[in-house]
Amino acid sequence: MKTAWTGRRRRTLRHGLLVAALAVAGVTVSSASMQTAGADTSPATVSDAAPVAGLRPAERVSAPRLVSPRTEVLQAGVVGINKVNDTFPQTDISVAAIAEVGDTIYVGGKFTQVEIAATGQRIGQRFLAAFDRSTGAWIDSFRPQIDGNVWDLKATGDGRLIVAGQFSSVNGRPNTTGVAMLDAASGALDPTWRVSLGLTGAPRWPIARALDIEDGYVYIGGNFTRITGSDNRTTQVIQAARVRLDTGRVDPSFVPDFGGIVFDIDAALGRVYVAGNFLFVNGAESIGIGILNASDGSRVAGLRPPVRTSDEITRNYQQAVLVLDGQVWQAGSEHSRQVYRRSDHALIRSWISDPFGDGQALAILNGVVYSGSHASGATRLYQDARRWPGLDGATSSKPIVWMEAFNSAVPEHLAWNPQIGSRNGEGSWELFADSTGCLWTGGDFNRGSFDGATPRYVQGFAKFCAS
């Protein structure tokens with residue numbers, strides 16, 4: 001049965017910026033191709049009446065356990081937004097990345113200062129900072145010097161931290177453009193691991209928007225056309241590459257071709273899932289999501305096309321992807337969160353928010369998939385909707401703000417709304433589940449939950465723990 005819902009239509013600032021990103025990446029989109037006769041909204045789907053086995057063994061739980069909607073008390077935060085040498089100046093966020101090494105949380109982004117909650121003191125530490133996982137206190141012994149925005153962070157498991165973003169150097173050292181490996185305790189560069197990116201024919205710096213580590217490789221995605229490894233060999237690539245985690249050498253056998261910018265990567269179970277603002281992968285149409293064989297970067301054959309929520313080709317970019325054993329979760333435009341069956345990419349279930357809220361981040365914790373978005377005000381999430389703005393197929397809806405929660409075992413939207421404020425309406429651009437069972441989020445946040453009439457301190461990032 002088709003249910004008609006009405007809601008205000010909104011064209012976000014991100015659309016114009018992301019269409020421009022295609023041009024930055026060297027992709028030409030004709031005016032005719034920007035409108036299609038009709039989006040593919042009816043591929044084979046999986047019934048949502050039965051449970052779907054979609055969790056990695058470590059994440060399987062008898063029932064999903066939500067974190068509290070109340071923010072934890074933190075002793076410090078980050079402020080400021082750098083827009084110099086920034087491909088995405090309209091994305092007004094301070095925090096874009098969070099990682100954990102030991103009992104330390106690392107925060108990366110566009111911020112320019114660390115702020116101490118108790119005093120309001122601000123210290124000039126740009127783009128990357130460290131905080132105590134328990135208290136949120138700033139760790140002032142970690143002071144790496146980076147000259148541009150940080151977009152992603154990954155812990156290596158052996159006390160090191162990989163940093164990705166739009167910068168030309170780290171700690172003043174050469175051959176550290178876009179990617180660097182740091183000692184997580186001191187912030188010093190790893191002397192044996194050196195990777196650097198380049199961008200041919202463009203005045204702007206290259207950008208690494210996404211990192212993932214799988215099977216001894218570091219996967220890197222963004223907007224770049226060259227990558228140089230620790231052996232000083234340079235390989236021509238198109239928006240994505242991988243290097244050895246142990247040596248930093250580029251793998252020349254993995255050279256996929258993305259017709260646009262890569263925003264997120266999740267390599268798992270022999271495949272590499274890539275989300276971004278692209279129209280083609282390896283020369284074939286693949287809008288917003290690419291699914292590759294990890295062996296050689298070729299496209300996985302026999303998969304169903306993703307459900308497009310808009311008739312406009314350029315409004316179907318995806319910003320986040322999360323792979324579980326039997327499921328693939330995607331979040332992006334238009335205002336969509338979707339879960340697919342991993343085996344053949346058949347749609348299991350979909351949700352669309354209205355009037356606001358592209359999906360921007362994904363994470364799983366205790367059987368719950370969390371999504372970050374810029375859903376604000378009177379926004380509701382419409383379960384089973386497949387189109388925006390029409391909301392075709394919607395069966396129910398719940399109010400949402402900045403973040404959403406889903407039962408992953410039987411995919412459904414859960415009633416959970418974080419008590420948090422957004423400075424610029426950007427909401428959540430990063431979600432990270434730490435080893436103690438708490439959920440961290442980053443974006444443009446500037447207020448936590450209330451104790452009576454007093455809001456808890458939050459600047460840039462926030463933490464939610466057990467309910």
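For this chain, numbers begin at 1 and follow the sequence in order. Atom set for the values below is all heavy atoms of this structure, side chains included, hydrogens, waters and symmetry mates excluded.
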Where the side chain of Asn316 meets the backbone of Ser310, is there a donor-acceptor pair that is under 3.5 Å apart? yes
Distance alone, cut at 3.5 Å: any donor-acceptor contact between the side chains of Arg226 and Thr200? yes
Looking just at side-chain N and O atoms, do Ser422 and Asp444 make a donor-acceptor pair shorter than 3.5 Å? yes
Roughly how far apart are Met403 CE and Ser373 OG, rounded to 0.5 Å? 9.0 Å
Tyr219 and Phe254 aromatic ring geometry - parallel, tilted or perpendicular at 30°/60° bounds: perpendicular
Short N-O contact, Arg70 and Asp451, less than 4.0 angstrom: yes
Side chain proximity check, Gln166 to Val150, heavy atoms < 4.5 angstrom: no
Residues Asp264, Arg209: salt bridge by 4.0 Å N-O rule: no
Is any side-chain heavy atom of Val179 less than 4.5 Å from a side-chain heavy atom of Ile162? yes
Between Asp92 and Arg423, does any NZ, NE, NH1 or NH2 come within less than 4.0 Å of an OD or OE carboxylate oxygen? no
Which of these, Arg337, His345, Gln319, sits in a side-chain hydrogen bond (donor to acceptor under 3.5 Å, both in side chains) with Gln330? His345
Classify the ring geometry of Phe258 against Phe278: parallel below 30°, tilted from 30° to 60°, perpendicular beyond 60°. tilted
Would you indicate whether the side-chain heavy atoms of Val67 and Tyr370 approach each other to under 4.5 Å? yes
Determine yes or no for a side-chain-to-main-chain donor-acceptor pair under 3.5 angstrom, with His335 supplying the side chain and Ser353 the backbone. yes
Any chance you could measure Arg299, atom CZ, to Leu292, atom CG, to the nearest 0.5 Å? 8.5 Å
A side-chain contact here means heavy atoms from C-beta on lying under 4.5 Å apart; do Leu439 and Lys463 qualify? no
Consider only side-chain N and O atoms of Glu404 and Ser371, and report whether a donor and an acceptor are under 3.5 Å apart. yes
Can you tell me if Gln125 uses its side chain to pair, donor with acceptor, with the backbone of Leu128 under 3.5 Å? yes
Begin with the C-alpha distance, continue with both residues' side-chain angles, and end with the deciding distance and a verdict on side chain to side chain contact (heavy atoms under 4.5 Å, CB included) for Arg315 and Trp388. CA-CA 10 Å; Arg315 296 181 70 86; Trp388 190 85; 4.3 Å; yes
Charged N-O contact under 4.0 Å between Arg386 and Asp392: no
Decide yes or no on side chain to side chain contact (heavy atoms under 4.5 Å, CB included) for Leu211 and Val218, but give the supporting numbers first. CA-CA 7 Å; Leu211 293 170; Val218 179; 4.2 Å; yes
In Å, rounded to the nearest 0.5 Å, how long is the span from CD of Gln327 to OG of Ser343? 11.0 Å
Using modelled atom types and a 3.5 Å cut-off, is there a donor and acceptor pairing between side-chain atoms of Asn407 and backbone atoms of Pro411? no
Can a salt bridge be assigned to the pair Asp86 and Arg204 using a cut-off of 4.0 Å between side-chain N and carboxylate O? no
Angle between ring planes, Phe406 versus Trp329, binned at 30° and 60°: parallel, tilted or perpendicular? tilted
To the nearest 0.5 Å, what is the distance between CH2 on Trp151 and CD on Glu430? 11.0 Å
Spacing of CD1 belonging to Ile287 relative to CD1 belonging to Ile313, to within rounding of 0.5 Å: 5.0 Å
Approximate separation, where rounding is to 0.5 Å, of Glu100 CD and Phe131 CZ: 14.5 Å
Which residues pass the side chain to side chain donor-acceptor pair (under 3.5 Å) test with Thr379, sequence neighbours left out? none
